Each structure stands twice: as structure tokens, then as C-alpha cells.
There are 2 protein chains.
Amino acid sequence: MGTERREPELDELRAWAEQVATYFMRLSGWPPITGRALGWLMVCEPREQSAAGIAEAIRASRASLTSTLRVLTSSNLVQAVTRPGERTTYYRIADDAWARVMRQRFAGLSEFLEITRQGMALLPDDPERSARVRAANEAFRWLSEEVEPMFEQWDAEHRR
Amino acid sequence: MGTERREPELDELRAWAEQVATYFMRLSGWPPITGRALGWLMVCEPREQSAAGIAEAIRASRASLTSTLRVLTSSNLVQAVTRPGERTTYYRIADDAWARVMRQRFAGLSEFLEITRQGMALLPDDPERSARVRAANEAFRWLSEEVEPMFEQWDAEHRR
DNA sequence: TGGCAATTACAGCACCTACTGAAATTGGTG
DNA sequence: CACCAATTTCAGTAGGTGCTGTAATTGCCA
């Protein structure tokens, strides 16, 4: 009597991927299907799945997976792989997907810095008002300056 | 011939607040009006404005400002102030509004940590699959552990 | 208690976006 | 070149959300 290897139910995995989807929906404003696909690719077996396979697993149409997978691959969260002798493209979650997800959440800080700069320029003669704008500028500048070396350290620790 | 103090055009300020709104719309998924109101409160004169005043400035209805200002005050980005002898409530941007905005962008990390924990529990017998989930768990744990002391330092530097 | 200014609740409208199904396209194979 | 599986495009639809106008409510004052 060997140890039983319990294979998780398909529905359990689906439900888990749905949790991932819900999280990124609320936190990052992702469309539901995007989070479902990514969540599925985290726990599926085998690791590499065809678009059709993903579609069936997360109960979405193949058509919608075309655009979803394009977004995921072009942002490098998912890699498309092909095999000689097969027409099908397979997809797998990228090893550095999560570092990229985290970085995306910080992208655009400098855009706001530029907006606040323009705001201060609008109010050259009014110290109190421009101070309100400057407070925002300084807070976001602090954040972007803190975050930059943080990710550099991540890279250093994870470069192979 | 004293120095002229140029008062910015109302439309200039409106346009600037609109830029703020656009930014938070795209980056944080805020409704347009929310960003408009916050942007307006950054550059308005006087600093404290009634709901009706804000509504007129950003060309929105008073009704919609009721809910918008409730969201902004309950998340402490905006403070409601009242004056003796006046019925009107006035609103001003909070001094620590930006620290709060930034913190909000990190809120919910632990929620995802819990989801990944459950995912690993779903796959006790499959090292490769659970490793995929663990990669996410470790990345987000790293982030939350980096971010915590970062904000503590901010608090220490800005506490009065 | 009645009156009035200010605020709020709520139903409806307009808009937008995710998603699907069907048709068109691609590209490898015999 | 013809065939066929796989993928993509695109128009249409369903669902959801922000916002407004109106009507109700609050609460201060005489």
C-alpha cells in the first residue's frame, strides 16, 4: 500500500484561480479573464497549456483568450512556446512574472511628478497653494526614490 | 508700480485638476470625479471649499459630490470642517493625504499571501506546481517586508 | 412649531468595457 | 495547389458603473 498522491479536483483549481482573478480585479483593475488565466497557469498540469486548454479550464471562449494572452505575453508575464512538429502554441507563466507585476504597480510615478511640477508653475505667486501641490510632489518623489534601489536589490539577488 | 500678482485662470486650474483626475483614473482606477475633486482641492483658493463650490468648479452635480466627498473623507484624504454659526461644511485636502494614497497602493498584499498559502496547500504532493505558487508568495512577501519599514521611516520623519 | 438652507438618498440614464460567436485569416502539410 | 487545424478579427451584446435630477430628509433658526 503505497502513499496515495491526491490529485486536486479540477473544480478546486478553478476556484483557486478565481480567487487570484478576484484579487487582481480589485487591486489592480484587471479584467476577470486575465487573472483567471494567470491563476490557472500557476497551478495547471502540465505547466504549459494551449489557448484552447486554458479556455476550457477557466470556462471562457477561445476568442477572448486571444486578446488576453496577447496582453499577458506582451507584458512578459506569460511566455509563448512552440514545439517542432506541432502547430499549437503553448503558454507558461514566466519565472519573473511576479517581479514584473510588482514593478507595474510603480510605473507612472514620474508622470505624476511632472503633473505636480506643472501645478507649482501655475501658482508662482502663492506660497500656500503651491505648498499644497509641493507636498504631493515630495511624497511621490520620496516613493520613487525609495523604490528604485529596492528593485535593484531584487534584481541583484535573483540574477543568475 | 508694484509687482503684478497673476491670478491663474479658473480654466487653467480646472484643466490641471483634470490631469490629476486622469492620472488617478488610469493608475488607480478612481472614478473621474474623485480625482477632479482632489485635484481641485490642491490648488483652490481658499483652501477650504464647500461641496457646492467644488461642484461648480469641477462642473459636477452636487449630488455626486455627496458620495465622492464621503469616500474621500472616510479614507481620510480630505477633512470636513465646520464653522460656528454656519451650516455649510467645508472640505480641505488632508496634510497626510499623499502618504495615505501611497499606502493604499500597498494595502491588500497580505490578502494575496493568504491566497498563495491556500494554493500551496492544494498541491502538497506536487513540488513543481507548488513551486510556481511559492514563487508568487515569496515575491509578494518580499515586497511587503520591504515596504513596511519604508513607511515607518516616512512616519518617523514626518511626525511632529 | 413652521420655515428654509443644506445635504442626502435613490431611481434612471448614458456610457463603457469585457466577453462571445461567427466569419475570416494564417500557415503548415500532403 | 488544395486542405485543414489553429488562431485571430470584429461586430454585437450583456452587464456594470458613474453620474445626474428629483424628491426626501436633516437640522438650524425665528
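Everything numeric here is computed off the predicted structure, so don't read it as measured data.
- Every pair passing ring pair (Phe, Tyr, Trp, His ring centres under 6.0 Å) that includes a residue from residues 29-82 of chain A is listed here, sequence neighbours excluded: A/F24-A/W30.
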Using a 3.5 Å cut-off and no angle test, enumerate the donor-acceptor pairs between side-chain atoms of residues 135-147 of chain A and protein atoms at least two apart in sequence or in another chain.
residue	atom	partner	partner atom	Å
A/N137	OD1	A/R141	NH1	2.8
A/N137	ND2	A/T116	OG1	2.8
A/S144	OG	A/F140	O	3.4
A/S144	OG	A/R141	O	3.0

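- For the pair A/W30 and A/E86, nearest-nucleotide mapping onto DNA chain C gives the more 5' position to A/W30.
- With sequence neighbours left out, the salt bridge (Lys or Arg N to Asp or Glu O under 4.0 Å) criterion links B/R132 to B/E128.
- Listed by first and then second residue, the side-chain hydrogen bond (donor to acceptor under 3.5 Å, both in side chains) pairs that reach into residues 72-83 of chain A are A/E48-A/R83, sequence neighbours excluded.
- Looking at which nucleotide of DNA chain C each of A/T34 and A/G85 is closest to, the 5′-most match is held by A/T34.
- With sequence neighbours left out, the side chain to side chain contact (heavy atoms under 4.5 Å, CB included) criterion links A/E114 to A/R117, A/Q118.
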What is the per-nucleotide protein-contact pattern of nucleotides 2-13 of chain C, from the 5' end, where B denotes a base atom under 4.0 Å from a protein heavy atom, S denotes such proximity for sugar-phosphate atoms only, and - denotes neither? --BS-SBB----

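- Identified under the salt bridge (Lys or Arg N to Asp or Glu O under 4.0 Å) test for residues 66-82 of chain B, with sequence neighbours left out: none.
- Hydrophobic side-chain contacts under 4.5 Å tie B/Y90 into a cluster, directly or through other members, with B/V81.
- Checked for salt-bridge contact, B/R103 and B/D155 meet the test: a charged N lies under 4.0 Å from a carboxylate O.
- Taking every nucleotide of DNA chain D with any atom under 4.0 Å from a non-hydrogen atom of chain A, the first and last of them, 5' to 3', are D/dC4 to D/dT9.
- For A/A52, the side chain to side chain contact (heavy atoms under 4.5 Å, CB included) partners two or more places apart in sequence, or in a different chain, are A/S50, A/R62.
- Proximity of residues 71-79 of chain B to DNA chain D (heavy atom under 4.0 angstrom from any strand atom) is not detected for any residue.
- For the side chain to side chain contact (heavy atoms under 4.5 Å, CB included) test, residues two or more places apart in sequence or in another chain that qualify with A/E157 are A/Q153.
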